Asker: 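Have a look at the structure that comes next, please.
Heavy-atom basis, side chains included; hydrogens, waters and symmetry copies ignored. As the structure is a computational prediction, the values presented were derived from the model and not from experiment. Below, chain A is the first sequence line, B the second, and so on; all start at residue 1.
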Protein chains: 2
Amino acid sequence: MSAPPPLLDRLRTRGWRLTAQRRVVAEAMTGDNVHMTADEVLERARRLLPEISRATVYNTLNELVELGEVAEIPGPDRVRRYDPNAVVPHQHLACEVCGGLWDVHAEGVEALHPDPAALGDFEVASTVVTFRGVCAACRGR
Amino acid sequence: MSAPPPLLDRLRTRGWRLTAQRRVVAEAMTGDNVHMTADEVLERARRLLPEISRATVYNTLNELVELGEVAEIPGPDRVRRYDPNAVVPHQHLACEVCGGLWDVHAEGVEALHPDPAALGDFEVASTVVTFRGVCAACRGR
DNA sequence: TTAGTTGCAAAGGCTTTGCACGCGC
DNA sequence: GCGCGTGCAAAGCCTTTGCAACTAA
């Protein structure tokens, strides 16, 4: 059925100061199965607002991450990717060759718990599951 | 009791060309101090062989990863960490504040499988599970 | 011998920062 | 008007690379 409220609506509600740049970044992040690098976000944002700067895209992405609206995904390469779908729990397929990322669902994630003995005073906030391997495109090469 | 399965022996068997530098990197990776950054490996290696260069440490670590003897762990920060324990499956606790990593074991990892419908032609090689949160030391601040 | 390894320094790629100007509220 | 947001360029950090000298097998 209906998805959670659009990113921009959620942000407005939270009193986020709205500028053309921020709107455009949020718009660039909208959509399904989107896992863009900061550079890809910049590229998309520039189609809507050509004067936007790289620094602003980085600033805005970092804020969205801090607000918990967007998730930062560490992948096999060192490039950060951003997942607008932070609200809906899901897992990822990560290609070790091209660094690409795709959403996937897996069962049993909630059942995973670290051994309490080894946990000590570590406070777990989230469980990240990633299936690493090689994507179809990279296998063809 | 029995000596740990020496990384160096495995490598020799595989026809790895053995140099002082490589031996020292392998030694630096041995032990319980298990999730070092390249810089930390360099520091330890230098205690044993002061002339070793940073580039050689990077080269050697990358080789060990390619050989499957060491695992590269992507964390919340962009710094790569190296896990000599690649042979024994285990999971990690990752501190989002300081970037620290600790081994932990969790049950049910083998039972995780991505939804085949979304998998397509992606070939899964391994399943990575990380519990993200805040470590005891960082919570104290 | 000789192919593979090392060290140095420089380059590379991604991200952050300092500061002056501009704009939403 | 005030204070936060933006843009630019430069710096920062981690990692890789080019190349000449060296060395294990």
Side-chain angles (χ1 to χ4, degrees), chain A residues 8 11-28 35-46 48-67 70-82 96-101, chain B residues 8-9 11-28 35-46 48-67 70-82 96 98-101:
Chain A
L8 271 176
L11 294 171
R12 236 187 306 259
T13 309
R14 298 173 78 163
W16 210 45
R17 187 160 170 177
L18 197 48
T19 66
Q21 289 86 342
R22 288 176 163 194
R23 179 170 30 245
V24 159
V25 169
E27 271 165 28
H35 303 95
M36 288 178 285
T37 63
D39 229 55
E40 287 162 348
V41 173
L42 174 61
E43 190 191 328
R44 281 183 86 163
R46 283 216 162 126
L48 303 163
L49 183 71
E51 323 83 76
I52 194 172
S53 78
R54 188 186 305 285
T56 295
V57 169
Y58 275 102
N59 287 342
T60 307
L61 285 172
N62 284 340
E63 265 173 70
L64 291 173
V65 169
E66 244 158 60
L67 290 169
V70 160
E72 217 175 69
I73 316 167
D77 58 7
R78 287 195 332 135
V79 185
R80 288 212 260 257
R81 281 154 209 274
Y82 295 89
E96 290 172 331
V97 177
C98 66
L101 270 179
Chain B
L8 276 175
D9 285 357
L11 294 171
R12 236 189 305 263
T13 309
R14 298 172 79 163
W16 210 46
R17 185 161 169 178
L18 196 47
T19 66
Q21 290 84 343
R22 287 174 165 196
R23 178 169 30 245
V24 159
V25 169
E27 272 164 28
H35 302 98
M36 291 177 285
T37 62
D39 230 53
E40 287 163 347
V41 174
L42 174 62
E43 190 191 328
R44 283 186 89 165
R46 283 217 162 126
L48 303 164
L49 184 70
E51 322 82 75
I52 193 172
S53 76
R54 181 184 254 78
T56 296
V57 168
Y58 274 103
N59 287 342
T60 307
L61 285 172
N62 284 340
E63 267 173 69
L64 291 173
V65 168
E66 242 157 62
L67 289 168
V70 160
E72 218 174 68
I73 317 168
D77 57 7
R78 286 193 333 135
V79 185
R80 287 212 261 256
R81 281 154 209 274
Y82 295 89
E96 290 172 332
C98 66
L101 269 179

Asker: Give the minimum heavy-atom separation between B:His35 and B:Leu101, together with the two atoms involved.
Answerer: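 Shortest heavy-atom separation between B:His35 and B:Leu101 comes out as ND1-O, 3.5 Å.
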Asker: Are OP1 or OP2 of D:dG7 and a side-chain N or O of A:Gln21 less than 4.0 angstrom apart?
Answerer: yes
Asker: Please figure out whether B:Ala20 or B:Ala38 has its closest DNA chain D nucleotide nearer the 5' end.
Answerer: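 With B:Ala38 and B:Ala20 compared, the 5'-side residue is B:Ala38.
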Asker: Roughly, in whole Å, what's the span from CG in B:Asp77 to P in D:dC13?
Answerer: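 So the CG-P distance, B:Asp77 to D:dC13, works out to 14 Å.
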Asker: Report the distance from atom CZ of B:Arg14 to atom CG of B:Leu67, rounding to the nearest 0.5 Å.
Answerer: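 It comes to 4.5 Å.
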Asker: Within this structure, what is the CZ-to-C1' distance between A:Arg23 and C:dG24, rounded to whole angstrom?
Answerer: 11 Å
Asker: Any side-chain N or O of A:Arg22 less than 4.0 Å from the OP1 or OP2 oxygen of D:dG5?
Answerer: yes
Asker: From the list D:dG7, D:dT16, D:dA25, which nucleotide is the closest neighbour of the side chain of B:Arg80?
Answerer: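 Nucleotide nearest to B:Arg80's side chain: D:dT16.
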Asker: Measure CD/B:Glu40 against P/D:dC14 and give the value in whole Å, please.
Answerer: 11 Å
Asker: Of all the nucleotides listed (C:dG7, D:dT6, C:dT15), which has the minimum atom distance to the side chain of A:Thr60?
Answerer: D:dT6
Asker: Report the residue (B:Trp16 or A:Glu51) whose heavy-atom-nearest nucleotide on DNA chain D is the more 5′ of the two.
Answerer: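 Checking each residue's closest nucleotide, the 5'-ward one belongs to A:Glu51.
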Asker: Search all heavy atoms of B:Arg54 against all heavy atoms of B:Arg46 and return the closest pair with its distance.
Answerer: N-NH2, 4.2 Å
Asker: Measure CE/B:Met36 against C1'/D:dC14 and give the value in whole Å, please.
Answerer: 17 Å
Asker: Would you please confirm or rule out a distance under 4.0 Å between OP1 or OP2 of D:dC8 and any side-chain N or O of A:Ser53?
Answerer: no
Asker: Which listed nucleotide (D:dT17, D:dG7, D:dC13) is nearest to the side chain of A:Ile52?
Answerer: D:dG7
Asker: Please confirm whether any donor atom in the side chain of B:Arg17 sits under 3.5 Å from an acceptor in the base of D:dA24, or the reverse.
Answerer: yes
Asker: Please report, rounded to the nearest Å, how far the C1' atom of C:dG24 is from the CG atom of A:Leu11.
Answerer: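 Roughly 16 Å, once rounded to whole Å.
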Asker: Assuming nearest nucleotide by heavy-atom distance, tell me which of B:Glu63 and A:Ala55 is located more 5' along DNA chain C.
Answerer: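 Closest to the 5' end, via its nearest nucleotide, is B:Glu63.
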Asker: Considering only D:dC14, D:dT6, C:dT16, which nucleotide approaches the side chain of A:Arg78 most closely?
Answerer: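 Nucleotide nearest to A:Arg78's side chain: D:dC14.
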Asker: Quick one: CG on B:Leu64 to CZ on B:Arg22, what's the gap to the nearest 0.5 Å?
Answerer: 8.5 Å
Asker: Taking only side-chain N and O atoms of B:Tyr58, does any of them lie within less than 4.0 angstrom of OP1 or OP2 on D:dT16?
Answerer: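 Checking B:Tyr58 against D:dT16: no side-chain N or O falls below 4.0 Å of OP1 or OP2.
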Asker: What is the nucleic acid contact for A:Asn62, judged by heavy atoms within less than 4.0 Å: base, sugar-phosphate only, or nothing?
Answerer: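 The answer is sugar-phosphate, as A:Asn62 gets under 4.0 Å only of primed atoms, P, OP1 or OP2.
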Asker: Using whole Å, report how far CG of A:Asn59 lies from P of C:dG22.
Answerer: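 In whole Å, C:dG22 P and A:Asn59 CG are 19 Å from each other.
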Asker: Testing the basics here: between B:Arg81 and B:Asp77, what is the closest heavy-atom pair and its distance to 0.1 Å?
Answerer: NH2-OD2, 3.4 Å
Asker: What's the closest nucleotide to the side chain of A:Thr19 if the choices are C:dT17, C:dG24, C:dT5?
Answerer: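 Nearest to the side-chain atoms of A:Thr19, counting from C-beta on, is C:dG24.
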Asker: Is the closest side-chain heavy-atom distance between A:Leu11 and A:Leu18 below 4.5 Å?
Answerer: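 They are not in contact (no side-chain heavy atoms under 4.5 Å apart), so the answer is no.
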Asker: Would you mind reading off the distance between A:Arg54 atom CZ and C:dT16 atom C1', rounded to a whole angstrom?
Answerer: 13 Å
Asker: Nearest whole angstrom, please: distance from the C1' of D:dC13 to the CG of B:Leu42.
Answerer: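 So the CG-C1' distance, B:Leu42 to D:dC13, works out to 15 Å.
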